[in-house]
> 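Sharing a structure with you now.
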Amino acid sequence: MEYKDFYDRKKAMEEFKIFRNKLNDAIDNPRGESFSSLFEGLKKQAVNGDVVAQDVLAYFYRDGAGRQLQEDYIKYMYWEILAGANGNMFAIDKLQFFMGYAYDTIVNDNDFGLMKYRCKIDEYNYIFVIGQKICEEIVKNLNISAQNLVEERDRYNPYRPEHFRDLRKAVDNALPQVIENMKKQA
């Protein structure tokens, strides 16, 4: 699997706030640039690999944006996972609770010492290294792509327990491959 550099957590969070505020201002102030125009521009940036744009899209799909955008739990999670797979440390931070048991499974594996060595994991980066690897495998298994997410019609799709179960199953299915890849990493 191709290694992607991490996008600094603090920098990602600051840029996230700027994007979010600009879009929120567009909702509140209809005289400026429209929310839909800004949101479409954000989608283009996300397709072009902007990991902060991917995270901001996740944010807006989580709860929607008034009449401008409907809530879509699956798109929220897919964008967040995609941002994590692409190295956005702020997105990985936000996914920790969702993937917590997967971290425990990996850290408690008998070969974790080997995985730490091979993946250059230390006490400062383990959340990000492991989180990114889990996200990468989920993206691969579920065939998540920014282009497909953008092309898919927006619709109201709120959180439902079956969504969460399906996503947890995706983590469960990813875990054995993540562990195997971490043991093999050169």
> Looking at Asp50, Val139, Asp5, Val51, which hits side-chain contact (heavy atoms from CB on, under 4.5 Å) with Asn86?
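The option that passes is Val51.
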> Please examine the side chains of Gln68 and Ser34, heavy atoms only from C-beta on, and report whether any two atoms are closer than 4.5 Å.
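A side-chain contact under 4.5 Å is absent here.
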> Does any N or O in the side chain of Tyr103 come within less than 3.5 Å of the main-chain N or O of Ile127, such that one atom is a donor and the other an acceptor?
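Yes: the side chain of Tyr103 pairs with the backbone of Ile127.
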> To check you understand the geometry: which heavy-atom pair defines the closest contact between Val171 and Ile138, and what is its length?
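So the minimum-distance heavy-atom pair works out to CG2-CD1, 3.6 Å.
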> Looking at Lys17 and Ala12, would you say the former's side chain and the latter's main chain have a donor-acceptor pair under 3.5 Å?
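Pair absent, no side-chain N/O of Lys17 close to backbone of Ala12.
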> Looking at Phe112, does the NZ or CZ of Lys183 lie under 6.0 angstrom from its six-membered ring centre and within 45 degrees of the ring axis?
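Relative to the ring axis of Phe112, which defines the angle, Lys183 lies outside at least one limit.
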> Backbone N or O of Leu114 within a donor-acceptor pair of the Asp111 side chain at under 3.5 Å?
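No, Asp111 side chain to Leu114 backbone: no donor-acceptor pair under 3.5 Å.
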> Between Phe16 and Phe19, is the ring centre distance below 6.0 Å?
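Phe16 vs Phe19: aromatic centres not under 6.0 Å.
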> Can Tyr101 be reached from Ile179 by stepping across I, L, V, M, F, W or Y side chains whose heavy atoms are under 4.5 Å apart?
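Per the 4.5 Å side-chain linkage, Ile179 and Tyr101 are co-clustered.
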> Dump the intermediate steps for side chain to side chain donor-acceptor pair (under 3.5 Å) on Tyr61 and Asp154, then the final yes or no.
CA-CA 9 Å; Tyr61 279 111; Asp154 288 338; 2.7 Å; yes
> Which is it for Gln185 and Asn181 under the side chain to side chain donor-acceptor pair (under 3.5 Å) test, yes or no, and what are the steps along the way?
CA-CA 6 Å; Gln185 188 166 334; Asn181 290 346; over 6 Å; no
> Indicate yes or no: does Lys140 engage Glu137 in a salt bridge with an N to O separation below 4.0 Å.
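Counted as a salt bridge, because a side-chain N and a carboxylate O are separated by less than 4.0 Å.
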> Tell me whether Asn21 contacts the main-chain N or O of Ile18 through its side chain, where contact means a donor paired with an acceptor under 3.5 Å.
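Looks like no, no N/O pair under 3.5 Å.
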> For Lys43 and Glu40, run salt bridge (Lys or Arg N to Asp or Glu O under 4.0 Å): C-alpha distance rounded to whole Å, both residues' side-chain angles, the deciding distance at 0.1 Å, then the answer.
CA-CA 5 Å; Lys43 286 179 178 180; Glu40 289 305 313; 3.3 Å; yes
> Begin with the C-alpha distance, continue with both residues' side-chain angles, and end with the deciding distance and a verdict on side-chain contact (heavy atoms from CB on, under 4.5 Å) for Cys135 and Glu80.
CA-CA 9 Å; Cys135 288; Glu80 202 73 81; over 6 Å; no
> Would you say NZ of Lys116 has more than 12 non-hydrogen atoms from neighbouring residues, nucleotides or ligands within 6.0 angstrom?
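Atom NZ in Lys116 is not packed in, count stays at 12 or less.
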